[in-house]
Amino acid sequence: MEQYGVGDDIDKVLISETQMQERLAQMAAEIDRDYAGRDLLLVGVLKGAIMVMADLSRKITIPVTMDWMAVSSYGSGTKSSGVVRILKDLDTDVAGRHVLIVEDIIDSGLTLSWLQKNLLTRGAASVEIATALRKPDAAKVEVNVRYLGFDIPNEFVVGYGLDYAENYRTLPFVGTLAEHVYNN
Ligand code: IMP
Ligand code: MG
């Protein structure tokens with residue numbers, strides 16, 4: 001852990017850098033196959049999805065374009081409420097486009113189910129979801145994940161784009177935080 005400059009903040013590694021990259025390569029191959037000959041727009045959800053967008057998009061070999069949204073879900077503490085506010089909208093008109101939403105993690109699924117519906121009402125030809133991680137709670141809302149990296153336990157995780165108070169996003173793996181970080 002020393003090379004990452006996070007001291008003993010990480011309790012355990014859930015998904016290693018190699019595991020993540022191998023899984024993303026498989027997902028990219030499926031995307032290549034499914035969208036061959038179609039016009040594909042990747043929509044990343046800021047900021048958590050930056051790493052998965054960067055890595056997944058470079059493993060996809062068909063031509064794609066990329067756009068970004070920033071959303072904030074009103075909620076208390078760490079649970080989202082399902083009421084979503086757009087902080088940064090797309091630059092692209094999605095009408096008639098095949099859209100693939102690229103996400104870091106689906107927890108309650110509320111943000112994603114809202115976003116998927118929102119993009120469909122704008123007239124997108126299709127709106128599918130690719131996510132690096134999914135937690136068990138995601139099952140509570142209907143979110144159809146087309147491309148899934150890993151199902152993980154119901155724990156708060158950081159790394160690979162995911163943060164705790166804006167820290168740890170740059171770690172190349174996904175891990176859980178040590179107790180002392182929260183109790184600081
Ligand atoms: P949802 O609406 O509950 O699915 O919220 C998903 C968003 O909450 C993700 O896009 C993340 O930004 C954030 N999130 C959920 N779980 C975690 C976690 O374990 N660590 C860091 N961020 C998380
Ligand atoms: Mg996110």
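One-based numbering, in listed order, for ligands and for the atoms of each. Just so it is clear, the model here is predicted, and its values are computed rather than measured. All values below were derived from every heavy atom in this structure, side-chain atoms included, with hydrogens, water molecules and symmetry-related copies excluded.
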For Glu155, atoms of ligand 1 separated by under 4.0 Å from a heavy atom: 19 (O)
With sequence neighbours excluded, residues passing ring-ring contact (aromatic ring centres under 6.0 Å, His included) with Tyr147: none
Polar atom proximity, Leu162 to ligand 1 (N or O, under 3.5 Å): no
Proximal ligand 1 atoms for Thr111, defined as those under 4.0 Å from one of its heavy atoms: 1 (P), 2 (O), 5 (O)
Close N or O approach (Ser108, ligand 1; < 3.5 Å): yes
Atom indices of ligand 1, in the order listed, that fall short of 4.0 Å to a heavy atom of Asp163: 21 (C)
Any Leu112 heavy atom less than 4.0 Å to ligand 1: no
Short N or O distance, Val157 and ligand 1, threshold 3.5 Å exclusive: yes
From the candidates Leu46, Asp104, Ile105, the one that places a heavy atom nearest atom 13 (C) of ligand 1: Ile105
Per-atom contacts, ligand 1 versus Lys135 - under 4.0 Å to a heavy atom: 16 (N), 17 (C), 18 (C), 19 (O)
Subset of ligand 1 atoms that lie under 4.0 Å from at least one heavy atom of Glu103: 10 (O)
Validation row, ring centre Tyr4 to ring centre Tyr168 under 6.0 Å: no
From Arg169 atom CZ to Tyr164 atom OH, the distance as rounded to the nearest 0.5 Å: 13.5 Å
Salt bridge (charged side-chain N to carboxylate O under 4.0 Å, His left out) contacts touching residues 22-34 (sequence neighbours left out): Asp34-Arg146
With Thr92, the side chain to side chain contact (heavy atoms under 4.5 Å, CB included) member among Val99, Val43, Thr65, Leu41: Leu41
Lys12/Glu155 ion pair, N-O < 4.0 Å: yes
Rounded distance [0.5 Å steps], CD1 in Ile60 versus CD1 in Ile31: 4.0 Å
